[in-house]
Amino acid sequence: MKKLWVVTLSTYLRQVKSWSFVILVLSPFIMLAVSFGVGFVSANSAADSDQIAVVSNQSAVRQAYIKVVGHDQVDQRVKTETAAKKALKKEAIKGYLVLSAGQRYQATYHGTEAMASFDKTRLTSFLNKLQTQANVVRAKLSHRQLSQLQQQPIFKQVVQKKGRTG
């Protein structure tokens, strides 16, 4: 029995010392490290170019929109239109939004691709809310008149099940 263990140990040590055994053992770990590294690098480079810049003539409007959209969607380092144009040219951002306030709120999007429909809906909702608030202030409505204007329609739905025959 002692001879069997001596032969087994010598065979094992001879195999462990070979390069093929070392590569066989280490290759799965090396492949995992490489794939995670490539994924990490590509995720970081894609995340930077997915942001947009928001430029406005009123910083309060700009900050309000950034709060609605979320800080991770907006590159906050870009604050002027010329800086936004340079960043777009360098492909550091996917586009920039120019918000202007006056009698009417206006937004103009400049980018390499069309704005996503979800983002467009969120932007128009934001602009409608600001425009409504500005219109109420300019109209100098009383509290009662304002509450009458804000009444929503009522919608009811009645569904009748068909009877089974059989």
Side-chain angles (χ1 to χ4, degrees), residues 1-101 105-130 152 155-166:
M1 190 69 172
K2 193 173 186 182
K3 290 180 184 179
L4 177 68
W5 287 112
V6 170
V7 170
T8 304
L9 182 64
S10 68
T11 305
Y12 175 74
L13 289 176
R14 193 170 0 120
Q15 291 298 324
V16 169
K17 289 180 182 178
S18 70
W19 279 105
S20 61
F21 181 78
V22 172
I23 290 172
L24 178 72
V25 170
L26 294 180
S27 63
F29 299 110
I30 293 170
M31 290 302 293
L32 277 173
V34 167
S35 63
F36 279 123
V38 168
F40 181 76
V41 168
S42 66
N44 281 346
S45 66
D48 289 344
S49 64
D50 272 355
Q51 292 183 330
I52 64 168
V54 178
V55 179
S56 178
N57 57 359
Q58 291 183 355
S59 63
V61 173
R62 178 180 183 272
Q63 291 301 323
Y65 184 70
I66 290 173
K67 189 175 182 181
V68 167
V69 173
H71 295 283
D72 56 336
Q73 300 288 325
V74 177
D75 186 351
Q76 295 188 31
R77 296 172 293 182
V78 181
K79 295 182 180 179
T80 63
E81 192 168 355
T82 55
K85 286 179 183 178
K86 288 178 184 177
L88 183 62
K89 193 174 277 190
K90 291 179 185 177
E91 296 181 1
I93 56 174
K94 71 176 182 179
Y96 65 94
L97 183 66
V98 179
L99 297 172
S100 56
Y105 285 91
Q106 183 176 349
T108 307
Y109 177 75
H110 303 271
T112 55
E113 299 174 2
M115 188 179 241
S117 62
F118 175 73
D119 293 333
K120 196 182 305 183
T121 303
R122 193 167 35 185
L123 173 64
T124 55
S125 172
F126 174 75
L127 290 174
N128 285 336
K129 183 179 172 184
L130 286 178
Q152 298 292 321
F155 172 72
K156 292 182 181 179
Q157 181 172 315
V158 178
V159 178
Q160 296 178 2
K161 295 183 181 179
K162 293 183 180 180
R164 289 189 179 180
T165 57

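In summary, of the residues considered (Arg122, Lys129, Gln63), a side chain to side chain contact (heavy atoms under 4.5 Å, CB included) with Val68 occurs for Arg122 alone.
Residue Arg62 comes nearest to Asp75 through the heavy atom pair NH2-O, 4.4 Å, listed as atom of the first residue, atom of the second, then distance. Here the closest non-hydrogen pair linking Leu99 and Ala107 is CD2-CB, 3.5 Å. Closest of all the heavy-atom pairs between Ile93 and Leu88 is O-CD1, 3.6 Å. Taking both residues in full, the closest heavy atoms of Val78 and Ala87 are given as CG2-CB, 4.4 Å, listed atom of the first, atom of the second, then distance. Closest of all the heavy-atom pairs between His110 and Val98 is CD2-CG2, 4.2 Å. Residue Ala84 comes nearest to Tyr96 through the heavy atom pair CB-CG, 3.5 Å, listed as atom of the first residue, atom of the second, then distance.
Val69 is not listed as a side-chain neighbour of Asp119, based on a closest heavy-atom distance of 4.5 Å or more. Using a 4.5 Å heavy-atom threshold, the side chains of Gln73 and Ile52 count as separate. For the pair Thr112/Glu91, no side-chain contact is recorded, criterion being any heavy-atom separation below 4.5 Å from C-beta on.
A donor-acceptor contact shorter than 3.5 Å is absent between the side chain of Ser125 and the backbone of Thr121.
Every residue meeting the side chain to side chain contact (heavy atoms under 4.5 Å, CB included) condition with Leu130, not counting sequence neighbours, appears here in chain and number order: Val61, Tyr105, Phe126, Gln133. Applying the side-chain hydrogen bond (donor to acceptor under 3.5 Å, both in side chains) test to Ser20 and every residue at least two apart in sequence or in another chain returns Ser18.
Rounded to the nearest 0.5 angstrom, Leu123 CG and Tyr109 OH are separated by 11.0 Å. Atom-to-atom distance recorded for Glu81:CD and Ser56:OG is 11.0 Å, nearest 0.5 angstrom.
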